[in-house]
Amino acid sequence: MGRRSRHAQGDHDRVSETGGGKGKGTRLAVAGRRREWTGPIVNPAVWRASTMLFDTVAELKAAKPEFAQFHYGRNGGPTSWALAEALTEMEPGAGGTRLFPSGAAAVATALLMVLEAGDELLMADSAYAPTRMLCDTLLKRYGVTTRYYDPLVGEGIADLIGDKTRAIFLESPGSLTFEVQDVPGICAAARERGIVTLIDNTWATPLLFPAVARGCDISILACTKYIGGHSDVMIGSVTVRPELVKRLDRTSKALGQTASPDDAWLALRGLRTLEVRLQRHGESALRIAQWLAEQPQVARILHPALPSCPGHEYWVRDFDGASGLFAFVLNGGDEAARDRLIESLDHFGIGWSWGGFESLATPSDPIGLRTAARREAEGPAVRLSIGLEDADDLITDLKRALAHYPAG
Ligand SMILES: *Cc1c(COP(=O)(O)O)cnc(C)c1O
């Protein structure tokens, strides 16, 4: 996308091509930078607005609340359009993106967009807990039934599809337990039956897993995590195939969804460096995971790039890399000992979220959440979000803390 193509794009969402043969870093540098949004500067300004002014009543009446058109604040402005377009451009085959005030709002809107009363949803048993909560409460109340499936079901998903099945939700790797799913297999089976597929692609981002190109209809990101990358913003996105853009747009509007321009600006700033950050997160996390695998206090590593992770073969086949979030299962011991281990770490913060420049360690207890596929663990587990610190310092920290762990 050169200087020329930044002009005269019309008022519609742009269909993402395959990147015109350009590398990801190049695309990240130019995506969404339409000249009419940035003016003469590199980045779009923060366009804060509720009201947008027109010269005449006729112009006011003629304006439509469409993508890239000035209308009213809820329809966004150049800052959020630039981020939305950049996210579309990073997802080959996609037709448009809408932004949300959080990843959870993005998940909710995407589900409400495809489901109606009487429908059944097939939901990965490894899904993010608030996603489950939405299914078990609000969606249920509105007449949508959710059936949880084993994330490792693969093409066997075809046997679970019933008359009322309308959508299949994937999350790969899964939250807390990191099962990698056979996304192309599941999506192909769904497509054959005319069933829509949604994926929570927060772990990989389109850089490591181009979800639409791999067969998904709808790709959801908690941009709060790697896109923002600095633990200072809450924002979410939904990116869809061209034929679903209108429906996404209508549903977002009906639900009054919008993202603040300040948050869009922070996320866009984060997006520009996503590739180099992910490389560093990925390299350090893999090194630390491999080191942990050798420690007697550690029973198992749940890292998609290691063979001990369920669905590792799909990661090898389908992903372009690994990010910095993984878990390890301790060899015996109890939750109290595990919690002390976490608290004794110096370089790992204790707090929710992940994908920021600073490392985090949290308990990782899926037991009680899962209903379709419980797997026994050898001990309590710890989830690590590996930040941008030096891996050597993080290993030294983990080594010191593990030395006090009562190995089983
Ligand atoms: C954090 C997260 C979300 C929700 O994003 P928020 O911006 O925190 O609402 C959704 N899915 C996954 C996998 C997440 O980790």
Side-chain angles (χ1 to χ4, degrees), residues 80 83-84 87 97-112 123-136 138-139 148 151 169-181 183 198-209 211 216 218-239 252 255 257-260 262-264 266-268 270-271 278 281 285 302-304 311 319 322-327 349 351-356 358-366 369-370 381 383-387:
S80 54
L83 172 62
L87 290 169
T97 299
R98 291 296 177 271
L99 303 175
F100 300 87
S102 69
V107 168
T109 305
L111 282 168
L112 289 169
M123 171 61 66
D125 202 26
S126 49
Y128 181 62
T131 300
R132 283 185 89 101
M133 199 262 279
L134 169 74
C135 297
D136 298 342
L138 188 133
L139 287 185
Y148 292 95
F169 193 104
L170 304 92
E171 188 179 316
S172 181
S175 275
L176 304 180
T177 41
F178 294 90
E179 297 93 336
V180 184
Q181 298 194 260
V183 178
L198 311 91
I199 188 168
D200 185 328
N201 198 29
T202 302
W203 185 87
T205 83
L207 250 57
L208 305 181
F209 187 81
C216 299
I218 300 174
S219 174
I220 304 161
L221 295 178
C223 300
T224 306
K225 312 289 167 54
Y226 284 123
I227 308 298
H230 294 70
S231 308
D232 51 7
V233 61
M234 299 286 305
I235 190 163
S237 67
V238 178
T239 299
S252 306
L255 292 169
Q257 294 286 5
T258 187
S260 102
D262 295 83
D263 294 342
L266 283 169
L268 192 56
L271 185 70
L278 277 180
H281 285 297
L302 300 172
H303 185 303
F319 283 66
S323 65
L325 185 78
F326 69 96
W352 298 126
S353 200
W354 47 278
E358 82 294 9
S359 290
L360 299 172
T362 47
S364 190
D365 297 321
L369 277 177
R370 306 284 180 257
R383 189 181 76 172
L384 298 179
S385 175
I386 301 301

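Quick caveat, the model's predicted, so the values are computed rather than measured. Note: hydrogens, waters and symmetry copies are ignored here, and every other heavy atom, side chains too, is used. Each ligand, and each atom within it, is numbered from 1 in the order the structure gives.
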Element-labelled atoms of ligand 1 that are located less than 4.0 Å from some non-hydrogen atom of S102 =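 Per the distance check, 7 (O), 9 (O).
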
Against heavy atoms of E171, which atoms of ligand 1 measure under 4.0 Å?
->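 Numbered from 1, ligand 1 contributes 13 (C).
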
Should the proximity of S175 to ligand 1, defined as any heavy atom under 4.0 Å, be assigned to the side chain, the backbone, both, or neither?
->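 Side chain only.
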
Checking a contact table here: which protein heavy atom is nearest [atom], and how many Å away?
| atom | value |
| --- | --- |
| atom 11 (N) of ligand 1 | D200 OD2, 2.6 Å |
| atom 7 (O) of ligand 1 | T224 OG1, 2.6 Å |
| atom 15 (O) of ligand 1 | K225 NZ, 2.7 Å |
| atom 9 (O) of ligand 1 | A104 N, 2.9 Å |
| atom 8 (O) of ligand 1 | M234 CE, 3.6 Å |

Please determine if R370 forms a cation-pi arrangement with Y148, meaning its NZ or CZ atom is less than 6.0 Å from the six-membered ring centre and no more than 45° off the ring axis.
->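 Output no; distance or angle outside limits.
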
Could you grab the distance from atom [atom1] of [X] to atom [atom2] of [Y], nearest 0.5 Å is fine?
| X | Y | atom1 | atom2 | value |
| --- | --- | --- | --- | --- |
| H281 | S323 | NE2 | OG | 8.5 Å |
| L99 | L87 | CG | CG | 6.5 Å |
| S385 | L325 | OG | CG | 5.5 Å |

Looking at ligand 1, does any of its N/O atoms fall within less than 3.5 Å of an N/O of W354?
->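 Yes.
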
If we only count N/O pairs under 3.5 Å, is G103 in contact with ligand 1?
->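 Yes, at least one N or O pair falls under 3.5 Å.
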
Apply the test side chain to side chain contact (heavy atoms under 4.5 Å, CB included) to residues I218 and I199: give CA-CA distance (whole Å), side-chain angles for both, the deciding distance (0.1 Å), then the verdict.
-> CA-CA 6 Å; I218 300 174; I199 188 168; over 6 Å; no

Any donor-acceptor pair under 3.5 Å from T109 side chain to A105 backbone |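 Checked: pair present.
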
In terms of ring plane angle, is the pair F326 and H303 parallel, tilted or perpendicular, where the classes change at 30° and 60°?
->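 F326 vs H303 ring planes: tilted.
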
Walk me through it: do L134 and L139 pass the test side chain to side chain contact (heavy atoms under 4.5 Å, CB included)?
-> CA-CA 6 Å; L134 169 74; L139 287 185; 4.2 Å; yes

Return the option from W352, F100, Y128, W203 holding the heavy atom at the smallest distance from atom 3 (C) of ligand 1.
->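 Of the listed residues, Y128 has the closest heavy atom.
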
